[in-house]
Amino acid sequence: MKLPKEGDFITIQSYKHDGRLHRTWRDTMVLKSTENAVIGVNDHTLVTENDGRRWVTREPAIVYFHQKYWFNIIAMIRENGISYYCNLASPYVMDQEALKYIDYDLDIKVFTDGEKKLLDVEEYKRHKRDMHYSADIDFILKENVKILVDWIDNHKGPFSNAYVNIWYKRYLGLKKR
């Protein structure tokens, strides 16, 4: 599979551990792709839920996926600052159809003032039981929560305003073409 190029549009598909399609984002613009990472942007992107409901993203958001880490990061650019939504998820795979990952329920929301909140703990516990998450997956996810919190606390990578600004400017430049 060849890597998508800067300016290409891809589909992102989120699955659950049992193989069910969870959510699809159409037309995410690729800002950079390497063997290990994809950085993109969603801006008024069509999202389809597994039950068929559809909605459109409200604001531009820089999305970050990596093949080493069990999370992905969405930096939402709002008038009052940048907020983040972080999905604990498998590393992504890319095929002809889409960038794909398994969503493992736990999420961390980071508000514009820096406050962090761990979300969906009960959903994680229920799905861990019902979908039989292994002890290894449970351990990996809990370790990746620690990595994510460290990145947030130390403004690493996507949690740096400079990072978000660089990629947003790149997007605006590509959009004008």
Side-chain angles (χ1 to χ4, degrees), residues 1 3-4 10 12-19 22-23 25 28-42 47 57 59-78 81-95 98-168 170-171:
M1 167 73 197
L3 295 173
I10 61 170
I12 298 172
Q13 293 176 337
S14 164
Y15 290 83
K16 287 297 183 183
H17 184 78
D18 63 4
H22 174 57
R23 185 174 290 136
W25 291 260
T28 296
M29 182 191 282
V30 174
L31 300 175
K32 181 176 182 167
S33 66
T34 67
E35 285 185 22
N36 289 317
V38 173
I39 300 167
V41 66
N42 287 325
V47 181
T57 60
E59 65 267 313
I62 304 299
V63 295
Y64 173 86
F65 296 88
H66 200 282
Q67 289 191 328
K68 179 181 173 188
Y69 298 108
W70 284 64
F71 54 77
N72 55 66
I73 301 165
I74 303 159
M76 295 165 289
I77 302 164
R78 299 189 165 146
I82 301 165
S83 66
Y84 295 88
Y85 201 87
C86 312
N87 296 295
L88 273 291
S90 69
Y92 75 92
V93 296
M94 179 83 75
D95 64 18
L99 180 152
K100 300 174 179 180
Y101 66 91
I102 298 170
D103 180 301
Y104 279 104
D105 318 309
L106 288 173
D107 303 304
I108 297 177
K109 177 142 174 103
V110 183
F111 298 88
T112 55
D113 64 3
E115 178 194 347
K116 296 180 292 290
K117 190 169 188 177
L118 183 64
L119 306 173
D120 302 328
V121 174
E122 291 307 314
E123 180 183 8
Y124 175 78
K125 288 177 184 174
R126 188 174 65 254
H127 285 167
K128 179 182 170 194
R129 181 191 68 232
D130 295 349
M131 292 187 223
H132 311 288
Y133 298 172
S134 69
D136 286 346
I137 286 176
D138 187 58
F139 176 80
I140 289 166
L141 293 171
K142 288 175 179 166
E143 289 301 303
N144 275 263
V145 166
K146 294 176 192 172
I147 294 167
L148 201 48
V149 169
D150 177 65
W151 283 26
I152 294 163
D153 289 345
N154 291 294
H155 307 285
K156 286 186 184 174
F159 299 102
S160 153
N161 284 347
Y163 175 102
V164 174
N165 290 335
I166 286 166
W167 291 113
Y168 187 59
R170 172 80 51 90
Y171 162 63

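Checked against the 6.0 Å centroid threshold, Trp151 and Tyr69 count as a close aromatic pair. A ring-centre distance under 6.0 Å is not found for Tyr124 and Tyr104. Separation of the Tyr101 and Phe65 ring centroids falls under the 6.0 Å cut-off. Taking the six-membered ring for Trp and the full ring otherwise, the centers of His17 and Tyr133 sit less than 6.0 Å from each other.
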Please step through side-chain contact (heavy atoms from CB on, under 4.5 Å) for the pair Trp167 and Tyr64, ending with a clear verdict.
-> CA-CA 11 Å; Trp167 291 113; Tyr64 173 86; over 6 Å; no

Given Val47 and Arg23, is the side-chain contact (heavy atoms from CB on, under 4.5 Å) satisfied, shown in steps?
-> CA-CA 7 Å; Val47 181; Arg23 185 174 290 136; 3.5 Å; yes

Start with the C-alpha gap between Ile77 and Glu59, add the side-chain angles, then the distance that decides, and say whether side-chain contact (heavy atoms from CB on, under 4.5 Å) holds.
-> CA-CA 6 Å; Ile77 302 164; Glu59 65 267 313; 5.6 Å; no

Check the pair Ile39 / Val63 against side-chain contact (heavy atoms from CB on, under 4.5 Å), numbers first and verdict last.
-> CA-CA 6 Å; Ile39 300 167; Val63 295; over 6 Å; no

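Contact of the Asp150 side chain with the Asn154 side chain is registered, since non-hydrogen atoms from C-beta on lie closer than 4.5 Å. Residues Ile74 and Asn87 are in side-chain contact: their nearest non-hydrogen atoms beyond the backbone lie under 4.5 Å apart. Contact of the Tyr84 side chain with the Leu148 side chain is not registered, since no non-hydrogen atoms from C-beta on lie closer than 4.5 Å.
In this structure, CZ in Arg170 is found 13.5 Å from CG in Asn165, a value given to the nearest 0.5 Å. Between Ile147 atom CD1 and Ile152 atom CD1 the span is 12.0 Å, to the nearest 0.5 Å. Here the CD1 atom belonging to Ile166 is positioned 12.0 Å from the CG atom belonging to Leu31, to the nearest 0.5 angstrom. In this structure, the separation between CD1 on Ile82 and CZ on Phe111 is 15.5 Å, given to the nearest 0.5 Å. Distance CZ/Phe71 to CD1/Ile108: 9.0 Å, rounded to 0.5 Å. If you take NZ on Lys142 and CD1 on Ile137, they are separated by 12.5 Å, rounding to the nearest 0.5 Å.
Closest of all the heavy-atom pairs between His66 and Lys68 is ND1-N, 2.8 Å. Residues Val121 and Leu106 approach most closely at CA-CD2, 3.8 Å, considering heavy atoms. Contact detail for Glu35 and Tyr92: the closest heavy-atom pair is O-OH, 4.2 Å. The two residues Lys116 and Asp153 make their nearest non-hydrogen contact at NZ-OD1, 2.7 Å. The shortest non-hydrogen separation linking Asp107 to Tyr85 is OD2-OH, 3.0 Å. For the residue pair His155 and Ser160, the shortest heavy atom distance occurs at O-CB, 3.4 Å.
For Lys32, the NZ atom is loosely surrounded, since the number of other residues' heavy atoms within 6.0 Å does not exceed 12.
At least one donor-acceptor pair closer than 3.5 Å links the side chain of Asp113 to the backbone N or O of Glu115. In terms of modelled atom types and a separation under 3.5 Å, the side chain of Asn144 and the main chain of Ile140 share a donor-acceptor contact. No side-chain donor-acceptor contact under 3.5 Å links Ser14 to the backbone of His22. Counting only distance, with no hydrogens or angles, the side chain of Asn161 and the backbone of Val164 share no donor-acceptor pair below 3.5 Å. Although no hydrogens or angles enter the test, the distance criterion places a donor-acceptor pair under 3.5 Å between the side chain of Ser33 and the main chain of Pro4. A donor-acceptor pair under 3.5 Å is formed between the side chain of Asp103 and the backbone N or O of Asp105. Checking side-chain atoms of Asp138 against main-chain N and O of Ser134 turns up no donor-acceptor pair under 3.5 Å.
Thr112 and Arg78 are not linked by any side-chain donor-acceptor pair at a separation below 3.5 angstrom, with hydrogens and angles left out of the test. Looking only at atom types and distance, the side chain of Asn42 has a donor-acceptor partner in the side chain of Thr28 under 3.5 Å away.
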